[in-house]
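Just below is one structure, and these are the notes that go with it.
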There are 2 protein chains.
Amino acid sequence: MRRTERRSDCPVNFAVQTFGDSWSLIILRDLMFTDRRTYGDFLGAEERIATNVLAARLEHLQNVGLITHRDTGYALTQKGLDLLPAILDLIEWSGKYDKRTAAPRSFLARVARDRDGLIAETTARLSAEYGL
Amino acid sequence: MRRTERRSDCPVNFAVQTFGDSWSLIILRDLMFTDRRTYGDFLGAEERIATNVLAARLEHLQNVGLITHRDTGYALTQKGLDLLPAILDLIEWSGKYDKRTAAPRSFLARVARDRDGLIAETTARLSAEYGL
DNA sequence: CTGTATCCTTAGGGATACTG
DNA sequence: CAGTATCCCTAAGGATACAG
């Protein structure tokens, strides 16, 4: 994202400019689908983000209101949790087109067959954990 | 995307690394929701992409199989069209959180109330146009 | 353990002139 | 109209040492 000013008021552009870098979605994924919650946890993720980059992304995600920082670690905000449907769609899409995908077949099946239920269930669980 | 090798087989990562740059989704948006189909059309979009960048993104999107190039202009592939649900979710999310969003209220209302219907309708229309 | 601070590199992007 | 070709530049990312 070279240009810092908003390129347009298009909603797709808003999304791209808000979390369309190469690490934000990875961190949100961790907060949604894994038990990683702390700085050290995120560093342990398979993708091997650099320490300074992680710090920068965490700060950015706080600035745009997608996460907060508590004593227990980082937490999703409602705004961040509201990206769950979109991210599930991305997972479903990748599951369909990436032959090497690590997404469990059972999970992909569930997304395809019961997307709404999965969203409801996951939202409930995460809302409880994050106190939303 | 500094690292060119795949960072992991996580489906979220696959999506990020496939179209997670700052222009791919803008082009896909044009092919889904506007009548822009040609190089010149894309250049005319509000976001003002540079000519060389556009050419590079169009080539990339062809390489990853999201679009094709016909005499009539660029077209979505099935793989590209399959990103419609995710993009609609992003639009819905931006509509909710971006005060300045240019997304028409009527469209946002439709997405919220009848997402499945909207997807079906749009998919049908675009499938016909693109011959999928 | 949770970050900062540095230093460095490069891909991505921006501007613009040009070509078939 | 549909791109190429250049040149340039900076933000994003990577590596690693250090600090509280």
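Naming convention: chains lettered A, B, ... in sequence-line order (proteins, then strands); numbering from 1 in each chain.
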Here the distance between atom P of C/dC1 and atom CG of A/Leu58, to the nearest Å, is 16 Å

* Looking for any heavy atom pair under 4.0 Å, which part of the strands does A/His60 touch: base, sugar-phosphate only, or nothing? -> nothing

Quick test of your reading of the model: are A/Asp98 and B/Arg6 salt-bridged, counting only N-O distances below 4.0 Å?
yes

Report yes if some heavy atom in the side chain of A/Leu43 is under 4.5 Å from a heavy atom in the side chain of A/Ile49; otherwise report no.
yes

B/Arg7 CZ to C/dA11 P, in whole Å, measures 15 Å

From CZ of B/Phe42 across to P of D/dA2 the rounded distance in Å is 10 Å

Separation of D/dG13 atom P from B/Asn13 atom CG, nearest Å, is 13 Å

Against the side chain of A/Trp23, the closest entry in D/dG13, D/dG3, C/dG3 is D/dG13

Atom CD of B/Glu5 and atom P of C/dT10 are separated, to the nearest Å, by 13 Å

The reported gap from OG1 in A/Thr34 to CD1 in A/Ile27 (rounded to nearest 0.5 angstrom) is 11.5 Å

Select base, sugar-phosphate, or nothing to describe what B/Tyr74 touches, counting heavy atoms under 4.0 Å on all strands. sugar-phosphate

Handout entry: Residue-phosphate contact under 4.0 Å: A/His69 side-chain N/O, C/dG3 OP1/OP2
Key = yes

Here the distance between atom C1' of D/dT4 and atom CD of B/Glu59, to the nearest Å, is 12 Å

B/Asp41 atom CG is separated from D/dG3 atom P, nearest whole Å, by 11 Å

Original post:
Would you say the base of C/dA11 and the side-chain of B/Arg2 have a donor-acceptor pair closer than 3.5 Å?
Top reply: no

Can you tell if the side chain of B/Leu31 reaches within under 4.5 Å of the side chain of B/Arg37, non-hydrogen atoms only? yes

Applying side-chain contact (heavy atoms from CB on, under 4.5 Å) to A/Glu47 and not counting sequence neighbours gives A/Trp23, A/Ile26, A/Arg29, A/Ala45, B/Arg7, B/Ser8, B/Cys10, B/Asn13

Here the distance between atom P of C/dT16 and atom CG of B/Leu54, to the nearest Å, is 17 Å

How about CD on B/Glu59, more than 12 heavy atoms from neighbouring residues, nucleotides or ligands closer than 6.0 Å, or not? no

With sugar-phosphate taken as primed atoms, P, OP1 and OP2 and all else as base, the protein-contact string of nucleotides 15-20 of chain D at under 4.0 Å (heavy atoms; B, S, -) is BBB---

Walk me through it: do B/Asp30 and B/Arg57 pass the test salt bridge (Lys or Arg N to Asp or Glu O under 4.0 Å)?
-> CA-CA 13 Å; B/Asp30 281 356; B/Arg57 286 352 276 169; over 6 Å; no

Discussion item. When you measure from the side-chain N and O atoms of B/Thr38 to the phosphate of D/dA2, is any distance below 4.0 Å, counting only OP1 and OP2?
Written reply: yes

